[in-house]
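What you are looking at is a predicted structure, and each value in this text was computed from that prediction instead of being measured. Keep in mind that the numbers below use all heavy atoms, side chains included, and drop hydrogens, waters and symmetry copies.
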Amino acid sequence: MRLSRYFLPVLKESPKEAEIVSHKLMLRAGMIKQQAAGSYSWLPLGFKVLNKIVKIIEEEQNRSGAVQLLMPTLQSADLWRESGRYDAYGKEMLRIQDRHERDLLYGPTNEEMITDIFRTFVRSYKDLPLNLYHIQWKFRDEVRPRFGTMRSREFLMKDAYSFDLDEAGAKRAFHRMFVAYLRTFYRMGLVGIPMRADTGPIGGDMSYEFHVLADTGESAVFLDSDLLDKPIPAVDTDFNGDLSPIFNDWTSLFAATDEMTDEATFRASVSGNKQMAARGIEVGHIFYFGTKYSEPMGAKVTGPDGKDVIVHMGSYGIGPTRLVPAVIEASHDDNGIIWPVSVAPFEAVLINLKAGDAGTDAACEALYAELNAAGLDTLYDDRDQPAGAKFATADLIGIPYQLILGPRGLKDGQAEIKHRKTGERETLPLGSAVARLKGLIEPQRRDKV
RNA sequence: CGGAGUAUAGCGCAGCCUGGUAGCGCACCUGCUUCGGGAGCAGGGGGUCGAGUGUUCGAAUCACUCUACUCCGACCA
């Protein structure tokens, strides 16, 4: 993409509405524009990151055996009356009437609707286990939206719903999602720590929130620091096999939010040098809720013995529009964002230090073509701007690698690569620049690990 | 929903206390010069001062009402 033809409205100063660093940087980098409280337009750069995150989620959901579909944003109130939640849900739920004065709502979640789909089509235990998911916009009329897209009213959510014959089956489904989530966050360059969460009236140990550690996290969390070094289940993990060893390994170490524990318990449970009190951003939540919806809504299958069985369900959420700021909170410096390669809007930025100079232009054009041919997603800064402005923009929008080309190096046939994360610079012959970048970038895509 | 604030050009701000026909920086447009860390000089465009009502000869400025947005708290992917 040529920057001169792109739409990248970067700001030198951050709008005063922004309080936390990710919000400021998303505004300054031209990723989002607020349209109302808790409602945002996603500008091209932000949308590109959001889509990369969504793609990773889809790949890992599919790998785990979940099947994607898409449900509407507007739902009939009748469905929610069946589960009893139409009255139980508070003012967070946006209620609407259509022209016939029928009650509708903008879905804050989809348990009722997916249960309706299930009961319509699934009749036999032979069709289980089943896990259906979608990635759709939700609306929750939060009393106080804040922190940009971290806590917005309209937000994108991946929600998966598992259906099993009994609790044992539901547990296996739960483990599959648990492992998928570990992989999903890892692939985004994050460490998503599973933490015991409130199970509500169901009880048991099948409710985990995944948190990304960040100073600006909304929850106080306590964990065993060994969790940060645990190996992530590999790409060839058998999702049809027994995943309980992985689950048991991860959950054997202490990790909980302040809602689930207190500091004294934490101090007593974890050895001193491994105690880690931090703050976390909740980026995912998986939980088992049994027959809470299947019972009242009549979601059942015929079992092996010919008798009807109410199915056991679980639901599994991830917030992509929250993950974008979460990545930024976890990875930035004074100059701007530092994207992990796997979610970066562009993998490299080619900086032409003297646009308009025939020699530099020609060399950049050649390199740009070479970068594209090598399959590297590249932004080419071909604008007629001072060098400093280009460096500042490149740093701000956080592209992992800058390939810098100017008359000075060019006369010796040299290009320069700057690593955004470390600030390291290397000078190398023009002819080897693309191969070098490819070698740096490909392993960091994390698409084969 | 309780408490506290803010609203003046695309963004960041001054002006308001002590009413007198709106200003600065950045951004934008034109020209020239620059060109390895947010360029320099010259010229230029852009604002019913959030909305409404009132006080006054006169309101960005004073009063009242409303709206939007932000922050703190309780709630949540």
* State which of rA77(B), rG12(B), rG37(B) makes the closest approach to the side chain of His285(A). => rA77(B)

* Structure fact -> Under a 3.5 Å limit on both distances, the Watson-Crick or wobble mate of rC75(B) is none

* Test: Asp333(A) and Arg420(A) ion pair at under 4.0 Å -> yes

* Asked: For atom P, what is the distance between rG25(B) and rA68(B), given to the nearest Å?
  -> 35 Å

* Structure fact -> Judged by nearest nucleotide, the residue sitting upstream toward the 5' end of RNA chain B, Ser14(A) or Val143(A), is Val143(A)

* rG15(B) to rU61(B) separation - P atoms, rounded to the nearest Å -> 15 Å

* Asked: Between atom CD of Glu92(A) and atom CZ of Arg95(A), what is the distance when rounded to the nearest 0.5 Å?
  -> 10.5 Å

* To do: Provide the Watson-Crick or G-U wobble partner of rA63(B), both distances under 3.5 Å; none if there is no partner.
  => rU53(B)

* Can you check the Trp137(A) CH2 to rA77(B) C1' distance for me, whole Å? -> 13 Å

* Is the closest basic N to carboxylate O distance between Lys55(A) and Glu59(A) below 4.0 Å? -> yes

* To do: Take the protein atom CE of Met93(A) and the nucleotide atom P of rC75(B), then report the distance between them rounded to whole Å.
  => 20 Å

* Roughly how many Å is it from CD in Glu142(A) to P in rA74(B), rounded to a whole number? -> 14 Å

* To do: Give one of base, sugar-phosphate or nothing for Gly356(A), where a contact means two heavy atoms less than 4.0 Å apart.
  => nothing

* Asked: Given atom CG of Asp395(A) and atom P of rG36(B), what is their separation to the nearest angstrom?
  -> 16 Å

* Rounding to the closest angstrom, what is the interatomic distance between rC62(B) and rG20(B) at atom C1'? -> 15 Å

* Asked: rG10(B) C1' sits how many Å from Arg28(A) CZ, rounded?
  -> 16 Å

* Asked: Contact class for Lys138(A) (heavy atom, under 4.0 Å): base, sugar-phosphate, or nothing?
  -> nothing

* Counting any heavy atom closer than 4.0 Å, what does Lys158(A) reach on the DNA or RNA strands: base, sugar-phosphate only, or nothing? -> nothing

* Touch check for Arg425(A), heavy atoms < 4.0 angstrom, all strands: base, sugar-phosphate only, or nothing? -> base

* For rG73(B), does either OP1 or OP2 sit under 4.0 Å from a side-chain N or O belonging to Arg146(A)? -> yes

* **Complement of rC17(B), any strand, by Watson-Crick or G-U distances under 3.5 angstrom** => none

* Asked: In whole Å, what separates the P atom of rU67(B) from that of rG31(B)?
  -> 49 Å

* Salt-bridge test for Arg5(A) and Asp382(A): reply yes if a basic N is under 4.0 Å from a carboxylate O, no otherwise. => no

* Structure fact -> Result for 5'-nearest mapping on RNA chain B, choosing between Pro145(A) and Met150(A), is Pro145(A)

* Before accepting this row, confirm whether a basic side-chain N of the pair Arg187(A)/Glu60(A) lies closer than 4.0 Å to the acidic partner's carboxylate O. => yes

* **Separation of Asn110(A) CG from Gln136(A) CD (nearest 0.5 Å)** => 7.5 Å

* Provide the Watson-Crick or G-U wobble partner of rG31(B), both distances under 3.5 Å; none if there is no partner. => rC41(B)

* To do: With P as the reference atom in both, quote the distance from rG23(B) to rU48(B) in angstrom, rounded to an integer.
  => 14 Å

* Base, sugar-phosphate, or nothing: which does Lys33(A) touch, judged by heavy atoms less than 4.0 Å apart? -> nothing

* **Gap in Å between the two P atoms, one belonging to rA59(B) and one to rU53(B), rounded** => 13 Å

* To do: Provide the Watson-Crick or G-U wobble partner of rU6(B), both distances under 3.5 Å; none if there is no partner.
  => rA68(B)

* Using a strict 4.0 Å threshold on nitrogen-to-oxygen distance, state whether Arg153(A) and Asp141(A) make a salt bridge. => yes

* Asked: Phe139(A) CZ to rA77(B) C1': how many Å, rounded?
  -> 15 Å

* Taking the P atom of each, how far is rC71(B) from rC64(B), in whole Å? -> 27 Å

* **Sugar-phosphate, base or nothing in reach of Ser219(A), heavy atoms under 4.0 Å** => nothing

* Asked: Rounded to whole angstrom units, what separation is found between the NZ atom of Lys390(A) and the C1' atom of rA39(B)?
  -> 14 Å

* **Reported CE-to-CE distance for the pair Met260(A) and Met195(A), which is rounded to 0.5 angstrom** => 12.0 Å

* Touch check for Pro15(A), heavy atoms < 4.0 angstrom, all strands: base, sugar-phosphate only, or nothing? -> sugar-phosphate

* Touch check for Gly317(A), heavy atoms < 4.0 angstrom, all strands: base, sugar-phosphate only, or nothing? -> nothing

* In whole Å, what is the span from the CZ atom of Arg420(A) to the P atom of rG37(B)? -> 17 Å

* Taking the side chain of Glu19(A) as heavy atoms from C-beta outward, which of rU6(B), rA77(B), rC71(B) is closest to it? -> rC71(B)

Distances for protein N/O vs nucleotides 25-31 of chain B N/O pairs under 3.5 angstrom?
unit_1, atom_1, unit_2, atom_2, d
rG25(B), N2, Glu13(A), OE1, 3.0

* To do: Verify the stacking flag for Phe391(A) against rG38(B): centroid separation must be under 5.5 angstrom and the ring planes must differ by under 30 degrees.
  => no

* Decide, yes or no, whether a salt bridge links Asp249(A) with Lys230(A) under the criterion of side-chain N to carboxylate O below 4.0 Å. => yes

* To do: Drop me the distance from Arg176(A)'s CZ to Ser162(A)'s OG, to the nearest 0.5 angstrom.
  => 8.0 Å

* To do: Using the P atom on both, measure rA27(B) against rU70(B) and round to a whole Å.
  => 27 Å

* Structure fact -> Of Met31(A), Met150(A), His23(A), the one forming a side chain to side chain contact (heavy atoms under 4.5 Å, CB included) with Pro325(A) is Met150(A)

* Determine the contact category for Ala392(A): base if any of its heavy atoms lies under 4.0 Å from a base atom, sugar-phosphate if only primed atoms, P, OP1 or OP2 are that close, otherwise nothing. => base

* Does a nitrogen or oxygen in the side chain of Arg144(A) sit under 4.0 Å from OP1 or OP2 of rC72(B)? -> yes

* Gln34(A) vs rU70(B): side-chain N/O to OP1/OP2 distance below 4.0 Å -> yes

* Asked: Taking any strand in view, what nucleotide pairs with rG36(B) in a Watson-Crick or G-U wobble way, both distances under 3.5 Å?
  -> none

* To do: Mind checking Ala36(A) for me? I need base, sugar-phosphate or nothing, with any heavy atom below 4.0 Å counting as a touch.
  => sugar-phosphate

